[in-house]
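Along the sequence shown, the residues carry numbers beginning at 1.
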Amino acid sequence: MSTTRHSFSRTVLLPLGVFLGVALIFFVTWLLAEKNKAEAIRHQTELMTEQAAIRLEEFFKIRLNLVGQMRDYWLLGRINTPETFTQHALAIESQFSGIQAINWVDRYGVIQWVVPETTNRAARGLSLATHPTAGPTFRASAKTGEPRMTMPLDLVQGGRGITGYFPIMDEGHVRGFINVVFRIGPMIEDALARGIRNNYDFAIYDEDGHNSLVYSSNADPRTILDAQPSSRRHMQFANHQWLVVLTPTEKVLNNIVAPIDLSILILGFAMALVLSLQTRAMMASNERIRASERQYRAIFEAAGTAMINFDEDSVITLANSEFLRLAGITDEDVARGVTWRQFITPESMDYMDDYHEKRGRKPESVPNRYEAEVVDSSGKQHVGIVNISVVPGTSKRVASFLDLTDQKRAEAQMFRAEKLAALGQISAGIAHEINNPNNFIYFNLPILKRYISAIQPFLDAEAERNPDLKVLNMPYAEFIADLDKLIGNMKHGSERINGIVSELKNYIRSHDAEQKSPKPLNEVIDNVLTLAGKQVGTSVRHLDVDVEPDLPLVRMNSGKIEQVLINLLVNAAQASDKEDSRVSLRVWNSTDRPGFVAIEVEDNGHGIPPDILGQIFDPFFTTKGRESGTGLGLAISQRIIEEHGGEIRVASTPGVGTRFTVMLPNVSANVSESDSA
């Protein structure tokens, strides 16, 4: 009997115990693997939620910045008519998706102008101040003078949307508002990548509006809030904080988590036991690596910007599809070995080489974000923002490039449109007010001179007979000489009119091709004082010059900057009408606005009346006499400073004096200012 029990134990119980023990180990391993896969889904969902929040925030920030730029143009007097307002609004609406309308609202809250007209006509005349939903936000914007966005509301055009108000303030008073309208559904769909929309259910809530629902991809948003797994991220939308919630769809869950039939596991265990024990650890490790690579690649592809990885020797090791499209290359080109340097213009490479070398030694010593120009395989240039980071503990870098070419092209198109509109007005004025009467004078002068030559022999004969002959109480010889002088002066005046027209042509001529390079501002100031210092010094009693030594380099066309400063100094000298007349020139490295150099020209003259202060930069506007100027000096000066990325401001008190301040970005600001844009 004992032998029978031992045989049973050896032939049945022992194999059964081994089988059950190994089966238990395999089953526990399988459960852990399923748990790891579920954890991978959770991590991927969190990463995609973060990407969705970032894309939404950038989507709205770009569009709200452009509307804010329209407000700045309004304050500068560039778009204060229905035609110019429509021109700017259509340029933005056609270039950037998600915008339903851009409207002009008067200070009482009534919509006056709507763009585009055809799809938003129903909104014209609507009072926003009394609107039950938009009214509180409108009144808050008018009170604070700050841009404000509403919570979701019903649009008169139909559907749901969000509106924003950008107040136009003038000396503390509201003149009106620029009103932007987003249609919720299209703007969310346009902002999010297709990979997010196709693989995730998502909902967006406004936390500043008692967690009210902004948008949901599901008819029942509660299923998204209660789903597992799900992920939540906060984002800032103007004066509102939104909550973005994502959960993977069943399709994603089924593709990643594929349950294994336990009966198949048990039936196949006898044949795969030894092999599975030997390879399980390797398979789990490989799966984690592949999952990590998939997650990294998903982030890489869903980022919405061109991204690359590269080694210290600049060779690209990984590029997402957006970079391949931008550069015009393929994965095969990357595999053969290409460097990021071949896609950078020489102008950008000058400072990027310096940054690249310093980043390897001390990463924090150089900026991570700056503007650069990328050139693709066809030679086409793209301007945008480069962001570079060093992977901790390695020599590898990760770089992204946000292409702003279309945005800058749209800005350039708006600028050219403004210039063409101004050219049309100026040309019409020249044709009717200058050319016709000037031609009448100029072409009749030779005829008049021939008439005088025809009658002069008779007058000469009379003068010979009567040596004391006088005409208009002048001796005859003096009268003839004065007559010739008058005709010469008339010809000179007519030719001077042609000179004014020539200056006008110089004003409207494009200067896009002019070269700018980093130069010391101190040298420019020295040249200005050499050229204009004596003239100014003899016109006023005191010429005070205070120039900070060792000013930073400024990327500029030095001749144009000299032209601006000479014009300001001469104007200041001409305006100084007091006995103790004074003109001061002060130049310093600005601390109020880091990265900029300030140039100040001030006089103690008669000042500029407040009612014309806003017109001094208009072409042909002048308070000088006919012989003293054409009214183009300040207009040209403003255009030159703006072309250099700077600005020119004026402050004046009648009877006390006038101060012009020019702000120019130095070489480092040419990088940092672009980064902040």
Side-chain angles (χ1 to χ4, degrees), residues 59-60 62-129 131 134 138 141-142 147-150 155-159 161-170 174-183 186-187 190 238 406-429 508 614-615 617-619 639 642:
F59 181 89
F60 289 114
I62 290 174
R63 285 149 180 80
L64 292 178
N65 285 345
L66 289 171
V67 176
Q69 190 177 71
M70 285 188 64
R71 178 179 66 172
D72 296 338
Y73 283 173
W74 183 286
L75 291 172
L76 293 173
R78 297 183 180 180
I79 57 171
N80 53 8
T81 65
E83 293 77 12
T84 55
F85 183 89
T86 300
Q87 186 178 41
H88 281 75
L90 283 178
I92 296 174
E93 186 270 340
S94 62
Q95 292 286 333
F96 299 93
S97 61
I99 298 177
Q100 168 69 26
I102 300 177
N103 306 321
W104 166 250
V105 181
D106 65 21
R107 60 178 178 174
Y108 304 107
V110 179
I111 298 178
Q112 300 292 342
W113 309 334
V114 294
V115 181
E117 169 75 18
T118 55
T119 56
N120 299 283
R121 189 176 291 111
R124 183 189 293 157
L126 178 68
S127 175
L128 298 176
H131 192 279
F138 171 82
S141 179
R148 291 291 179 95
M149 301 299 297
T150 69
L155 301 176
V156 296
Q157 300 95 328
I162 297 174
T163 69
Y165 309 102
F166 288 73
I168 308 295
M169 305 296 295
D170 184 8
V174 178
R175 295 173 56 189
F177 301 80
I178 296 179
N179 170 224
V180 60
V181 182
F182 298 99
R183 190 178 292 275
M187 73 178 182
D190 288 346
D406 291 339
Q407 177 182 338
K408 289 186 176 292
R409 184 181 298 114
E411 294 173 353
Q413 289 173 350
M414 287 190 289
F415 175 78
R416 284 194 293 270
E418 291 173 355
K419 191 164 72 172
L420 288 175
L423 176 60
Q425 297 174 354
I426 295 172
S427 299
I508 64 175
Q615 307 174 53
F617 292 109
D618 293 343
R639 186 203 64 214
E642 290 177 349

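Residues Arg63 and Val180 form no side-chain contact, since every pair of their non-hydrogen atoms from C-beta on lies 4.5 Å or further apart. Side-chain contact between Ile162 and Met187 is present, with at least one heavy-atom pair separated by less than 4.5 Å. A heavy-atom distance below 4.5 Å is found between the side chains of Phe182 and Met149. Taking 4.5 Å as the limit, every side-chain heavy atom of Val105 sits out of range of all side-chain heavy atoms of Gln112. A 4.5 Å side-chain heavy-atom check between Pro167 and Arg107 finds every atom pair outside the cut-off. The side-chain heavy atoms of Phe96 and Phe59, taken from C-beta on, include no pair separated by under 4.5 Å. Taking 4.5 Å as the limit, some side-chain heavy atom of Leu128 sits within range of a side-chain heavy atom of Tyr165.
Residues Glu93 and Ile99 approach most closely at CG-O, 4.1 Å, considering heavy atoms. Residues Ala89 and Val115 share a closest heavy-atom pair of CB-CG1, 3.6 Å. When all heavy atoms of Pro116 and Gln100 are compared, the pair lying nearest together is CD-O, 3.6 Å. The shortest non-hydrogen separation linking Ala238 to Leu64 is CB-CD1, 4.1 Å. For Phe85 against Ile79, the heavy-atom pair with the smallest separation is CB-O, 4.0 Å. Taking both residues in full, the closest heavy atoms of Arg175 and Asp170 are given as CD-CB, 3.2 Å, listed atom of the first, atom of the second, then distance.
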Check: Between Ile178 and Trp104, does a side-chain contact (heavy atoms from CB on, under 4.5 Å) hold up when you go through it step by step?
Finding: CA-CA 5 Å; Ile178 296 179; Trp104 166 250; 4.3 Å; yes

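Rounding to the nearest 0.5 angstrom, the gap separating the CD1 atom in Ile92 from the CD1 atom in Ile62 is 12.5 Å. For the atom pair OG1 of Thr81 and CD of Gln87, the computed distance is 8.5 Å after rounding to the nearest 0.5 Å. Separating the CD1 atom in Ile102 from the CG atom in Leu90 is a distance of 8.5 Å, to the nearest 0.5 Å. Rounding to the nearest 0.5 angstrom, the gap separating the OG1 atom in Thr119 from the CZ atom in Arg183 is 8.5 Å. Taken from CZ in Arg148 to CZ in Phe177, the straight-line distance is 11.5 Å, to the nearest 0.5 Å.
Looking only at distances, no side-chain donor or acceptor of Asn120 sits under 3.5 Å from a matching main-chain atom of Gln157. Checking side-chain atoms of Arg124 against main-chain N and O of Glu117 turns up no donor-acceptor pair under 3.5 Å.
No close placement of the Phe138 and His131 rings is indicated, their centers lying 6.0 Å or farther apart.
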